[in-house]
Each structure stands twice: as structure tokens, then as C-alpha cells.
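Throughout, a chain's letter reflects where its sequence line sits, starting with A, and its residues are numbered from 1. What you are looking at is a predicted structure, and each value in this text was computed from that prediction instead of being measured.
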Amino acid sequence: MSNVPVNPKPVPEINAHSKPYWDGAQRGELMFQRCRGTGKPFLYPRLWSPFDFSPDPAWEKASGLGTVFSYTIVYQPPYAAFKADCPFVMAIIKLAEGPQMMSNLLNCDPESVTIGMKVKLCFETRAGGFKIPQFEPA
Amino acid sequence: MKPLAAIVAVSEMKPGRYPQYNGMEMYRQVIAQFLREWPELRPSDIGGLLSAPAGMASADGTDVFAHEKIAEELGIEPSFSETINAGGGTYALMLIRASLAIERGLCDSVLCLGAGRFPNVGSGMAEMMSKLISHPEFEYPYGTYIPPIFALNATRHMHEFGTTREQLAQVAVSQREWSLLHPDALMAPQGRLTIDKVLSSRPIAYPFNLLDCSVPSEGGSAVLVVSPKIAKRYAKKPCYLFGFGEKHTHSSISQAHDLTTLGSKETSAQAYRMAGVGPGDMDFAQLYDSFSINPIIYAEDLGLCPKGKGGAFFAGGRTAPGGEFPVNTYGGLMSFGHVGDASGQTMIVEAARQIMGIAGGERQLKKADLGVVHCYGGMMSEHATLVLGSQA
């Protein structure tokens with residue numbers, strides 16, 4: 001019996017096509033895709049390129065560096081699982097490689113967050129030891 | 001200007017809480033009120049029927065066959081009918097679809113119906129809503145729900161253009177003033193707002209406090225659209241559709257290409273071009289306002305003020321009753337009530353009432369010859385602009 005409380009926050013329902021993304025997260029890596037036709041990077045994962053429909057986009061490991069494109073400080077939780085976290089930061093992160101993704105900002109005072117702030121990849125462990133990519137100040 | 005279609009009859013349920021009605025019963029109540037207010041209408045006056053799904057986002061499930069059930073209950077066999085959904089954008093799209101069907105001769109008239117509600121957030125419904133309004137795999141795990149998603153647009157707008165929380169609050173203050181002139185407005189009994197009251201209300205998601213947010217409620221409305229050729233048979237002063245634009249830019253907020261210039265820039269340009277008018281010709285605007293940032297962005301995108309000046313556009317009560325340019329003349333979603341997706345039709349009902357000259361009392365604008373309505377669905381992702389006016 002562990003005394004560590006189980007993180008009540010949700011784990012995603014993983015789809016077949018996006019499994020490499022979540023497998024990467026379990027290894028401590030943030031994966032994104034690159035269009036084989038145009039060379040443009042993107043997230044979230046898809047079975048084709050949204051730029052030219054070329055199939056089977058390539059997977060690459062991100063540097064884990066990025067900036068805050070926009071953010072909010074959440075005072076009222078969406079539901080009970082996030083209650084203990086309030087106030088918490090929800091942010092759109094622009095990765096150094098280009099793609100944007102949703103994240104929280106961990107390990108910081110929410111009031112200290114600014115747009116353009118440099119952030120780096122970290123991970124949050126949820127139920128069943130499942131890791132989800134997160135960001136913290138760089 | 002060439003009219004594309006004409007609105008000749010509208011009605012709207014009083015926004016509130018109606019736990020005794022399920023999705024279909026909400027539609028019956030909307031229709032019964034519509035028929036009471038327009039007693040000369042007969043089943044033969046309705047050639048087409050458009051509805052939104054019944055019981056959207058409710059625990060008993062969403063019915064996408066609403067249109068066929070409603071048609072049967074109305075006693076009509078429409079030659080053009082479907083259930084469509086683009087959230088708050090649905091009803092502007094209905095008007096667009098209706099005008100196209102009428103133009104191609106599928107029917108002479110279309111009844112557009114909406115009945116919306118917000119789910120109770122207990123028993124897993126908040127989680128379900130989160131998966132519905134944000135990416136269920138790549139956004140939902142981060143605690144997404146509606147106010148913080150729109151707050152991302154607001155924070156970015158403040159960063160790019162120096163928009164202030166006082167300017168956001170002014171949107172709420174001005175709209176409350178309008179709601180005091182509407183007999184059915186949900187927040188009117190609460191009385192006037194001040195910027196200080198908005199700024200001292202409880203924080204929800206920075207930069208939004210409680211009074212920066214619309215009021216979740218339930219309600220619905222009906223709009224009868226007919227061919228311009230027969231419009232005068234139904235109304236002395238119909239409300240004509242002169243132009244429209246439609247654009248769907250994204251679904252998940254993290255995938256939006258821009259948070260401060262939206263699909264509304266393109267849809268309004270298209271609508272003005274089709275109508276042969278410009279933003280300077282408008283007498284009023286109805287701008288979908290789930291949160292205080294939205295009308296600021298739309299005023300800019302619709303060309304009512306320059307990009308980045310939306311905050312100043314609302315300052316000092318410029319858009320309030322007696323101000324230079326009326327916006328959301330019924331109180332908007334923030335003070336009339338946010339009746340789920342059907343709020344998109346509330347704006348059309350109000351625009352039509354203003355143009356038809358039936359808004360009543362002090363709310364009726366002295367000059368309402370041309371107006372622009374902008375609705376969106378999803379997380380400001382599905383956009384539609386309508387140019388409406390009185391002169392055929």
C-alpha cells in the first residue's frame with residue numbers, strides 16, 4: 001500500500017494513430033510529426049499531413065523548449081479533479097520547432113507567468129503512472 | 001441591394017431554467033409561443049424546416065432527428081429539412097441555408113428553430129462538456145473548460161493591443177444597460193452594473209471575473225424566413241437578408257492560427273461585399289458575447305473600429321443605450337441570458353425586431369435600417385456574419 005495519493009486528473013483515451021506520441025511521453029520525450037511532402041512540422045498527431053495530404057507523417061523528438069503564446073490562470077476548477085490545483089495555469093505553448101500545444105505550467109507562481117516567457121518540457125504522472133507532457137519555466 | 005430572403009415572424013422564450021422540459025418539449029414550448037404570437041400562420045405557410053439537435057449536451061442524449069419529429073408534430077411535410085449544428089453559429093447558418101434553398105426553389109419559406117440549454121455540471125457532465133468543446137485527447141487532460149479557453153484569446157489581445165480589464169468590464173456594463181430595457185432579460189432584475197462591480201466579482205479564469213461571463217440558462221426561439229417575393233404578404237416591414245459570410249477555422253483552441261483576428265474578418269468582408277455595403281453603413285450590431293472579450297474582437301474584425309481599438313470602441317458607454325453605436329441591444333448573452341447554442345438565434349430575433357420596428361418601448365432604435373449580426377460556434381471557431389436591413 002502506497003501512501004502517495006493517486007492523481008485524480010484525467011488520462012487521455014489513446015487512439016491507434018497517436019500511440020507513438022504517448023509512448024514517447026512514457027519515455028520522457030515529446031514527439032511531434034513532420035509532413036513528408038512540405039517538411040512542415042505539426043501537432044497533434046495525424047495519419048496524413050494537413051498541409052498536402054501526404055501519408056504517414058514522420059515522427060521526431062522535440063527539443064522540449066518553447067514559449068508561452070497565451071495563458072490564463074484558472075481560479076474555478078472545471079470539475080473536482082482539478083480543485084486541489086486551483087489556481088493553476090492553462091497555456092498554449094509554441095514549441096521551438098513551431099507546432100502549438102495545450103499545456104499547464106507547473107512549478108511556478110501563476111501570477112509570474114507572462115506571454116513570451118521561455119518554458120521547458122516536464123512531465124506529470126497521473127493515475128496508473130501515466131505521464132503527460134507539461135511545461136515549466138525554463 | 002438585392003434581398004436574398006426575408007424574416008417575417010420571430011419569437012423567443014423567456015430565458016430561465018426549465019427542468020420540467022426535455023429537449024423535444026423545449027421545442028414544443030418554443031413553437032407554441034411562436035404560434036400564439038403569430039396566430040394567422042397555418043401549416044401551409046411552412047415549406048421548409050431547420051432545427052438544431054434536441055437536448056444538446058443533456059444527460060438524456062442528443063436527438064439529431066429533431067427536424068423530422070418536429071415536422072410531424074407541426075403537421076407539415078417539408079421539401080427542405082434537416083437538423084444542423086454549428087453551436088452558436090447554427091442559426092446564422094440556418095438563415096444562409098434557408099436563403100439558398102429559397103433561391104433555388106426548394107421551398108418558399110423555412111421555419112428555423114432553436115432550443116438550447118446548458119448541462120448541469122454534476123455527475124460527469126462537466127468532463128463530457130470538456131471533451132466536447134476541446135480536443136478530447138490533446139487538450140482535455142489539461143483541465144480545459146469554456147471560460148479559460150476564451151481567456152486565452154483575452155490575454156493575448158491584452159498583450160498585443162494593451163486592452164485593459166476595465167475595457168472588458170465596460171462591455172458587461174453597457175450590455176446590462178440594454179437588458180434593463182428588455183422585459184424578458186434574465187439579469188435585468190439585478191440592476192445596473194459598474195466597472196468596479198465587474199472587477200470585484202469572483203475570479204473565474206484570468207482575466208475574466210464572474211461578471212465578464214455570460215449567464216448559462218435555457219430557452220429557445222423561432223424565425224420564419226420567406227422568399228422576398230412573398231414577404232409583404234406576411235409583414236408590413238420585413239427584415240431582409242442582404243449578405244452573408246461563413247467560415248470554419250478550427251476546432252481546438254490550441255490549433256487556432258490567430259487568437260485576436262478570427263474567421264469573422266473574412267465572413268464580414270464577404271457579407272458586406274455581397275450586400276454592397278460597408279461597416280460604416282451599419283446602424284447597429286449584434287455580436288455574440290459569451291465573454292467580455294468577444295464583442296471587442298468582433299467589433300474590430302467587422303470593421304466597426306480599427307484592429308486593436310476594440311477596447312476603446314466600448315469605452316465610456318459608446319455602445320450602451322443613447323450611445324453613438326448600439327451593440328447587443330437586448331443585453332446579449334451576458335445580460336439577456338445564454339440559452340445554449342440557441343443564443344445565436346436570439347441575436348437574429350433581436351436584429352429582426354429592430355429592423356421590423358417591433359422591438360418596443362425605449363429599446364427600439366430610432367434608426368435601424370441596416371444592421372450586422374455576427375455569431376460563432378465552438379471556441380470562436382465556426383463563424384457567420386449576416387447583413388440585415390429594411391429596404392428591399
Less than 4.5 Å to any heavy atom of chain B: does that hold for the side chain of [X], its backbone, both, or neither?
X       : answer
A:Phe69 : both
A:Tyr71 : both
A:Asp85 : neither
A:Pro77 : backbone

To the nearest 0.5 Å, tell me how far [X] [atom1] sits from [Y] [atom2].
X        : Y        : atom1 : atom2 : result
A:Met90  : B:Glu139 : CE    : CD    : 9.0 Å
A:Ile115 : B:Met158 : CD1   : CE    : 9.0 Å
B:Tyr206 : A:Glu111 : OH    : CD    : 8.5 Å

Out of A:Phe42, A:Trp22, A:Phe88, which one racks up the most heavy-atom pairs below 4.5 Å with chain B?
-> A:Trp22
Ranking A:Val11, A:Ile93, A:Ile73 by heavy-atom pairs under 4.5 Å to chain B gives rank one to A:Ile73
Please flag which part of B:Ala154 lies under 4.5 Å from any non-hydrogen atom of chain A: side chain, backbone, both or neither.
-> neither
Tell me, side chain or backbone of B:Thr144 under 4.5 Å from chain A's heavy atoms, or both, or neither?
->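 Both parts, backbone and side chain.
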Does the side chain of [X] reach to within under 4.5 Å of the side chain of [Y], using non-hydrogen atoms?
X        : Y        : value
A:Tyr44  : B:Glu137 : no
A:Gln134 : B:Tyr142 : yes
A:Pro10  : B:Glu127 : no
A:Leu43  : B:Phe138 : no
B:Phe208 : A:Thr72  : no
A:Met102 : B:Ile253 : yes
B:Tyr145 : A:Gln76  : yes

Highest number of heavy-atom pairs under 4.5 Å with chain A: which of B:Ile146, B:Asn153, B:Leu152?
-> B:Leu152
For chain A, which of B:Ala151, B:Ala256, B:Pro203 has the most heavy-atom pairs under 4.5 Å?
-> B:Pro203
Should the heavy atoms of other residues, nucleotides or ligands under 6.0 Å from [atom1] of [X] be counted, would the total exceed 12?
X        : atom1 : value
A:Glu29  : CD    : yes
B:Lys307 : NZ    : yes
A:Gln26  : CD    : yes
A:Lys9   : NZ    : yes

Do you know the tightest heavy-atom contact between A:Ile92 and B:Ser254?
-> CD1-CA, 4.0 Å
For A:Tyr79 and B:Gly143, which heavy atoms make the closest approach, and how far apart are they?
-> OH-CA, 4.4 Å
